[in-house]
Amino acid sequence: MSGTQAWGFTDDRGAQLGAARVPRRVVAYVRAGAALYDLGVIPVAVYGSGHDGDAYDPAKAGVLEAVGVPYLGPGRALDEAVLRELRPDVVVDVTYDGKSPYALDAALVERLGVPLVALSVGNELDLPAILDRFAALAAGLRIDGREGAGAEVTEPGVADPGAVDPAAPVPVPVPVVVGSDAVGPEIVTPVTVSPATGPGQGAALAEFEAAEAALREAAARSGLGVLALSGAGPEQVHLARPHAWPELAWLAGLGVRLLDPGPGPGANWLTADWVRAAALRPDLVLFDNREHATPPYALPGGVRLAPWNPETPPSPAAYARFFRDLAEALAP
């Protein structure tokens, strides 16, 4: 694809977007930016959500901070002048409701006169479909098939695509295994899933599929009950409803025994106390490791712990790492 060709893309709000040439300068929500980086598109800058502060959240950043992609702070507090100075050709966000960008005020981007792409990460799509959408966008942003399209070398203070390696290995956290003799309650019924396919994913897609196979085998051997949660302090915890989260629903389809928190308010989370979490008798807890979440409190002795980022970058490489980590955490 030539950088002088007209560019078009329909996002997951149904917005038909276009530009006179393929966008080169991409500003993105950090989750989207980390995925695009994995897929060969280097953002000139990224921004956070309302949960984020003035510095990168390491759980959400992937390798973006390490390779020098600037972080602008929370999206809804962005200074318009700062964004204009970056001269973006396109802004990429995510959407949970299929209507609005999650982390940025759409009116701000409208004033800049550039396309705003919002890709769905909600449960109306399964995980492979989400990965496909990000892969399709990345393929459309790679100019002449070059890896590393996006940043420009001549722009001061932004990432140099010649100075980083998108294939560089990323350190992954090691789960803490304490041992377990707990017995889990009823499991979530596995979903029927479609194969993970998508343009331009190459070796990363093969690794994703291999990681799926490793996790499927580990889940079948362990039979452990897994509870995903986000700590909100010593008195409160948000318990994930597995089928509300595409990656958790996918885990269930791979045979992971995910525990449902049961009836109560909340579409994605059931907010309760730690007594309620302990009563579910999980064998392994996937705990939210983003900076705004708090560590697990008051869980029974012997429960295994493993980190979970509810905003894992939607790329095959990122989810392959997560699946491998979870397979290790499930191992005897």
Side-chain angles (χ1 to χ4, degrees), residues 1-46 62-64 67 69 88-95 98 101 109 114-121 124-153 159 161-162 164-168 170 194-212 246-247 312-321:
M1 179 179 289
S2 169
T4 61
Q5 286 182 307
W7 173 84
F9 188 84
T10 301
D11 78 358
D12 292 337
R13 301 169 298 167
Q16 296 182 347
L17 308 167
R21 64 181 179 89
V22 177
R24 296 181 61 94
R25 300 180 58 78
V26 180
V27 172
Y29 175 50
V30 62
R31 183 182 187 186
L36 290 173
Y37 181 90
D38 284 347
L39 294 163
V41 176
I42 305 175
V44 296
V46 296
V63 298
L64 294 177
V67 301
V69 174
D89 296 319
V90 66
V91 175
V92 181
D93 209 306
V94 301
T95 179
V109 183
V114 300
L116 170 60
V117 177
L119 293 184
S120 178
V121 291
E124 69 274 7
L125 298 180
D126 66 16
L127 179 60
I130 292 171
L131 300 182
D132 287 350
R133 293 293 287 151
F134 276 86
L137 176 62
L141 293 175
R142 289 196 295 266
I143 301 169
D144 295 327
R146 285 193 302 110
E147 296 296 307
E152 294 179 6
V153 178
V164 297
D165 178 9
V170 181
S194 57
T197 59
Q201 296 182 21
L205 178 56
E207 171 56 22
F208 175 86
E209 292 171 340
E212 282 185 312
E247 69 267 40
T312 297
S315 72
Y319 274 103
R321 291 190 292 270

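Numbers for residues simply follow the sequence, beginning at 1.
- Considering I42, V46, L64, L137 as possible partners of L36, the one that fulfils the side chain to side chain contact (heavy atoms under 4.5 Å, CB included) test is L137.
- Side chain of D11 to backbone of A118: a donor-acceptor contact under 3.5 angstrom is found.
- Annotation for P115 and V109: closest pair O-CG1, 4.1 Å, computed over non-hydrogen atoms.
- S315 contributes atom OG, which lies 11.5 Å from atom OH of Y37 (distance to the nearest 0.5 angstrom).
- The distance from the OG1 atom of T10 to the CD atom of Q16 is 4.5 Å, given to the nearest 0.5 Å.
- Of all heavy-atom pairs between P313 and A34, the closest is CG-CB, 3.5 Å.
- One finds the CH2 atom of W7 at 6.0 Å from the CG atom of L141 (value rounded to the nearest 0.5 Å).
- Of the possible polar contacts, none joining the D12 side chain to the L119 backbone as a donor-acceptor pair under 3.5 Å is found.
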Report the C-alpha separation of Y29 and V91 in whole Å, then their side-chain angles, then the decisive distance to 0.1 Å, and conclude whether the side chain to side chain contact (heavy atoms under 4.5 Å, CB included) test is met.
CA-CA 8 Å; Y29 175 50; V91 175; over 6 Å; no
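- Formation of a donor-acceptor pair under 3.5 Å by the R133 side chain with backbone atoms of P128 is not found in this model.
- R31 contributes a side-chain N or O that, together with a main-chain N or O of T312, makes up a donor-acceptor pair within less than 3.5 Å.
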Pair F134-D38, side chain to side chain contact (heavy atoms under 4.5 Å, CB included): steps then yes or no
CA-CA 10 Å; F134 276 86; D38 284 347; over 6 Å; no
